[in-house]
Amino acid sequence: MNLQVNIGGIKMKNPVATASGTFGLGREYSGFVDLNRLGAVVIKGTTLLPRLGNPAPRIAETPAGLLNAIGLENPGVEAVVEQYLPFLRQFDVPVIVNIAGDTVEDYARLAQRLDRQVGVAGLEVNISCPNVKKGGMLFGSDPDSAAEVIRGVRASTSLPVIAKLSPNVTSIAAVAESVAQAGADALSLINTLLGMAIDIRSKRPVLGNIMGGLSGPAVKPVALRAVWQVFRAVKIPILGMGGIASGEDALQFIMAGAGAVAVGTANFINPAATIDVLKGIEDYMEENNILDINDLVGAAHR
Amino acid sequence: MNLQVNIGGIKMKNPVATASGTFGLGREYSGFVDLNRLGAVVIKGTTLLPRLGNPAPRIAETPAGLLNAIGLENPGVEAVVEQYLPFLRQFDVPVIVNIAGDTVEDYARLAQRLDRQVGVAGLEVNISCPNVKKGGMLFGSDPDSAAEVIRGVRASTSLPVIAKLSPNVTSIAAVAESVAQAGADALSLINTLLGMAIDIRSKRPVLGNIMGGLSGPAVKPVALRAVWQVFRAVKIPILGMGGIASGEDALQFIMAGAGAVAVGTANFINPAATIDVLKGIEDYMEENNILDINDLVGAAHR
Amino acid sequence: MYNKNTAIIKNDEVMPGHWLLCLDSPDIARAASPGQFLHVRCSRTLDPLLRRPLSIYCADRERGRVYILYRAAGRGTALLAGMRPGDRLDVMGPLGKGYTLPSPGRSVAVIGGGIGAAPLFFLLSEIKAIYSGRLENVAVFLGAATGELLLASQTAALGFSPYTATDDGTVGFKGSVIDLYIDTNGSKVDRIYACGPPPMLKSLSRALGPDIRAEVSVEERMGCGVGACLSCVCKVREGAGEEFRYAHVCKDGPVFSIQDLFF
Amino acid sequence: MYNKNTAIIKNDEVMPGHWLLCLDSPDIARAASPGQFLHVRCSRTLDPLLRRPLSIYCADRERGRVYILYRAAGRGTALLAGMRPGDRLDVMGPLGKGYTLPSPGRSVAVIGGGIGAAPLFFLLSEIKAIYSGRLENVAVFLGAATGELLLASQTAALGFSPYTATDDGTVGFKGSVIDLYIDTNGSKVDRIYACGPPPMLKSLSRALGPDIRAEVSVEERMGCGVGACLSCVCKVREGAGEEFRYAHVCKDGPVFSIQDLFF
Ligand SMILES: Cc1cc2nc3c(=O)[nH]c(=O)nc-3n(C[C@H](O)[C@H](O)[C@H](O)COP(=O)(O)OP(=O)(O)OC[C@H]3O[C@@H](n4cnc5c(N)ncnc54)[C@H](O)[C@@H]3O)c2cc1C
Ligand SMILES: Cc1cc2nc3c(=O)[nH]c(=O)nc-3n(C[C@H](O)[C@H](O)[C@H](O)COP(=O)(O)OP(=O)(O)OC[C@H]3O[C@@H](n4cnc5c(N)ncnc54)[C@H](O)[C@@H]3O)c2cc1C
Ligand SMILES: Cc1cc2nc3c(=O)[nH]c(=O)nc-3n(C[C@H](O)[C@H](O)[C@H](O)COP(=O)(O)O)c2cc1C
Ligand SMILES: Cc1cc2nc3c(=O)[nH]c(=O)nc-3n(C[C@H](O)[C@H](O)[C@H](O)COP(=O)(O)O)c2cc1C
Ligand code: FES
Ligand code: FES
């Protein structure tokens, strides 16, 4: 049974990765999950300089979903390289660094800093974060500005470049086509849906940052649709995510066209979610005599 | 305690309406709900000619949500006027007809046919249905084509015109501004989010129509955010909907800026959902000494 | 009728993977007729979200009790199976259009496959009452995957001696209940009542002559259960050819005349 | 530690609206220290979605039992209150950084407000063990809205005689537990341990001189419970002025030095 997949040049021993921002910098869940068993670890969004993030409350629970407005709290790229990557290098797992910037140049400089960095297997370019004032989703909402960021990153690194797209657009396929042309090796979809919650006692938005990003099982149908549409529009591989909590969920994404999947919010509910998703995929393949996971990619289109 | 609201010229005795397509043509739930107690009844999407709708399966359950691809099954505007409106005229409740067309002219002709029709209090213009091949969401995805439809309807009727917007756009505020300028008296938001589900046993999309519209509690954060954004962009009243199942949910929408709310998917779960939502609003007002519901509209912005 | 707080009297696993639920609901018991269903919330939370349609297995009007026989098929019914006497269930019903009851003396066949046979028990007990216990003209056919899933003893308790078929041959005829029916029933009956999985209904439809009246119960995914959401469609014939319109299983059915359906 | 199937031994309403949950979990009992919490799934479905953080009320290491005292505050805890002995609970823990235990002989004050007092019982039982039962130097202050919500008898059972305060004056001092503490405690203590609602911690912070060490437990909404999601932040001092950094309550806390916090 072959589980190995290749996402834009990143070789993964199986198709199950962690979603950025839901698995910290790798160490936090290492007591619950053997990192060696994962297909890839995608770490928290990283910026050039350290960031404090947004004021509390940063999360709110919604029906089968989670709103977050963390605001890219992170120790900055230098600290990530010096203090956190060494821990991850102990494991036999590709590490993908999620990068975010305020300007096109920020992204390029991050890409440069991480280029040829031992222990970095690829970059996930976050042009879809709804929780920061500058950059983030603004870039990802428009095919042209999205392409501009990706071109800058592409020119600054020889690492595989994954563009992470926002679902908060009229046509995600148009953005996908644009970043593919700009040189992205793969696509991650989806980032969170823009949402909010209001506390009727205080009559104020629940989140410190007012709006936030919706993730978790609630968004799964939207994420699957995005993967389905983008699979028809572009040829580069897709890392699918959005509400995946079980092997069955992951298989839906793979059949819709994802070459691999990432588990996000589900880690909070089940710290072993990644491993359970992987087992679920393996069980299905065994029961259905699927010898190669790659044979299932896009199966629902046939 | 005043519960009366005015949505673009439609006087409602309280702010709780039914969402189009979830309450049939009025009769179906009349054994469970006293229609006289509702703020308004918005009936199923109506087209010029009868429509069969899409093949089964037409719905799929998702986490805290529902995917539907009904495809605007309806008996056509003539039958609605002749066979169904007479039943609704027995009740002391404004009836809003949801209209949908393949072309700009279809919408205008529907508006003309329903103009001055006894028992019709207003039109909800569905430029946001994701489940039909032509028209529907295509119009609502672009500020200009959305405005074109609304202008055509506006010119054909003296009834209050409510534009129903799609959340599947990069900027719902931009579409809202555009239809407000085109003469809409009010806005309904949101229609369903485009989504899908895949059956991993058959390896095929679950819905007969492949993609469908996501509704129910799962989408509430997205709907609330849309109401919040649109309230800041335009001055006309908003009929808010998307996942409302309780008085607390409805109050969140009102505080975000909705002048009234509609209950959709929740009717399927609780046939008395509209009345329970109304009671919840009343209880809150009593406990918090709110004398006029209109004082709460947009309260979270202050 | 709609009651959020219907008391559960019993909820026992009566066959492997199948539960018999007894509800205290005099209103529903009084109003119910065979073939109708209840629309049941299996959870008090928003997941799973929708109600589940479940046929009425029988109604004890004197004691005000309603029974449902169900298979733990997925998440919703699994949650239902975890409920205990004393718990409260949120129930709408009886809903839909059931079977047309026969007049005494007419010869009828009642054919059930698997858990699909559930609503036929309610029908059989009504037939028993109508025929005043003189049941010579009622032939009952039951099929199941294996012997322990046959509802034979329940049928016998009503006074009927069912013909039985199992896929694995553990009890009765080895094969499908429709094959058994064809093998057994040389003589024509006035009416057939059937319920079971789609392939069974399909082969019944093929086996029947054009002049036999058969009523069958069909299943489709449901939203509202009352005809408001238009989700539960099945194609029914409109004229002679392949033309169709959509009927709504929750309101126009779940029982349809087999001649009207496409297979 | 992570166990999806921790057995519930008991789950009783011990005060109006408050439940005491007893879990069979030798691993957690062994590893737990006062001030740490468990991260508990209150539902097996996707709604409510997140775990709920609940402090460890006490740990019986010999019998391998862990206790939680909780208020049915909302949907999650209401579902928890509906669970029964024999049900299984999905539990992560012990998580977080708890209280620093005192050395024997040091004079300490333990101050709890409302349900916030829950983790202090575990602390008191550890103190009792450390001090070998010689408890002259331990002053316990308990506050609650009303007498029946005071945890006085539980405290007394451990051998402490608590000072009590209630908002409505039904038992003990009428007023806040901090006012009681200030009124009572003329003499300085070496360390204060406190837990309760934010206003209580705030007035404690105002009442304290700069040189008293106080450890308090704080609450914040949590996602992961292990430091991965960065959601549970509270501001902690960075230098002398108003400068701050964000600490993560689940990992850096929930117990913090009161001097580090902003109120
Ligand atoms: C009119 C009618 C009467 C029925 N009577 C009985 C009965 O007496 N006993 C019994 O065991 N079962 C009966 N069923 C089938 C029963 O409704 C399904 O087994 C049940 O809904 C499955 O829900 P689940 O959550 O356990 O499964 P899941 O697989 O988790 O359900 C997922 C979704 O699919 C829908 N679904 C799944 N299977 C069916 C089905 N066969 N028909 C319609 N929707 C389905 C569910 O409603 C839900 O929306 C009946 C169905 C209908 C339409
Ligand atoms: C470290 C820690 C220890 C705690 N120990 C206890 C304890 O021993 N006993 C006890 O009764 N309570 C304790 N709480 C509070 C308890 O976690 C909340 O009462 C509970 O999460 C409410 O959940 P709910 O679903 O019932 O309420 P809901 O209001 O439905 O919760 C909605 C959301 O708000 C969050 N939330 C609500 N109140 C709080 C709160 N006070 N703190 C953090 N998140 C909250 C929930 O986690 C959830 O995400 C503790 C909280 C923390 C952070
Ligand atoms: C708490 C939290 C923090 C996140 N942080 C990031 C981030 O730093 N960068 C990023 O690209 N996506 C971030 N995401 C988005 C996730 O990586 C993922 O795209 C999204 O949550 C959908 O997947 P899920 O539903 O499985 O969580 C974050 C999500 C959550 C819930
Ligand atoms: C089964 C179904 C049918 C619907 N049909 C229509 C329709 O005909 N016209 C329309 O404008 N919206 C239609 N909608 C959208 C609803 O009116 C509403 O905008 C949406 O469902 C969000 O609200 P909810 O989450 O409360 O259901 C339909 C929704 C559902 C679930
Ligand atoms: S289930 Fe809604 S129309 Fe049948
Ligand atoms: S709860 Fe996730 S970091 Fe604290």
Side-chain angles (χ1 to χ4, degrees), chain B residues 18-33 43-45 50-75 131 206-208 212 215-218 220 243 245-246 249 264-273 276, chain C residues 1-5 27 31 38-53 73-77 79 90-96 198 218-236 238 243-253 261-262:
Chain B
T18 64
S20 177
T22 66
F23 210 73
L25 290 158
R27 191 190 283 273
E28 294 81 356
Y29 277 112
S30 57
F32 298 93
V33 175
I43 64 171
K44 175 69 189 168
R51 288 220 191 171
L52 281 179
N54 290 326
R58 288 181 173 185
I59 55 167
E61 192 182 52
T62 70
L66 171 67
L67 279 169
N68 91 78
I70 308 296
L72 288 178
E73 173 180 339
N74 80 94
N131 298 322
V206 172
L207 296 175
S215 65
K220 195 180 65 174
S246 68
D249 295 339
T265 303
N267 293 305
F268 307 159
I269 296 134
N270 169 9
D276 288 355
Chain C
M1 261 152 283
Y2 172 46
N3 186 344
K4 285 191 188 195
N5 290 306
D27 289 355
L38 302 183
H39 213 26
V40 175
R41 271 205 85 183
C42 300
S43 160
R44 293 257 155 184
T45 76
L46 298 171
D47 176 57
L49 186 67
L50 296 176
R51 291 171 179 274
R52 300 293 189 252
R75 272 160 27 91
T77 45
L79 285 171
D90 180 339
V91 172
M92 289 168 77
L95 299 174
V218 305
E219 295 191 359
E220 189 47 67
R221 279 157 203 275
M222 289 188 183
C224 65
V226 299
C229 71
L230 309 179
S231 61
C232 60
V233 285
C234 75
K235 289 183 182 177
V236 299
E238 182 90 332
E243 267 171 64
F244 68 92
R245 60 181 178 82
Y246 283 121
H248 300 97
V249 171
C250 69
K251 216 178 79 176
D252 308 321
L261 300 172
F262 289 86

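In the text below, chain A, chain B and the rest are named by the order of the sequence lines, each starting its count at 1.
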According to side chain to side chain contact (heavy atoms under 4.5 Å, CB included), who are the partners of C:L230, at least two apart in sequence or on a separate chain?
B:K44, B:R58, B:I70, B:E73, C:H248
Find out whether B:N267 and C:C224 are in side-chain contact, i.e. whether some heavy atom of one side chain is under 4.5 Å from a heavy atom of the other.
no
Partner chain C: residue of B:N54, B:T22, B:N68 with the largest heavy-atom pair count (under 4.5 Å):
B:N54
What I'd like to find out is whether the side chain of B:L52 reaches to under 4.5 Å of the side chain of C:F244, using heavy atoms alone.
yes
Search all heavy atoms of C:A228 against all heavy atoms of B:Y29 and return the closest pair with its distance.
CB-CE1, 3.5 Å
B:P217, part contacting chain C, at a heavy-atom distance under 4.5 Å
side chain
If you tally heavy-atom pairs under 4.5 Å between each of B:A56, B:G216, B:G208, B:A266 and chain C, the highest tally belongs to B:A56
With C:R75, which residues qualify under side chain to side chain contact (heavy atoms under 4.5 Å, CB included), at least two apart?
C:D47, C:P48
Any idea which heavy atoms bring B:L66 and C:L49 closest together, and the distance?
N-CD2, 4.4 Å
Cut-off 4.5 Å, heavy atoms of chain B, and the answer for C:K235 is neither
Quick check: closest heavy atoms across C:M92 and B:F32, and the distance to 0.1 Å?
CE-CZ, 3.6 Å
For the interface with chain C, which of B:A60, B:P63, B:P55 has the highest count of heavy-atom pairs at distances below 4.5 Å?
B:P55
Measuring from B:L207:CG to C:S231:OG, what's the distance to the nearest 0.5 Å?
10.5 Å
Would you mind reporting whether B:N270 and C:R41 have side-chain heavy atoms less than 4.5 Å apart?
no
For C:R221, which atoms come within 4.5 Å of any heavy atom of chain B: side chain, backbone, both, or neither?
both
List the atom of C:R51, the atom of B:P271, and the distance in Å for their closest heavy-atom pair.
NH2-CD, 3.8 Å
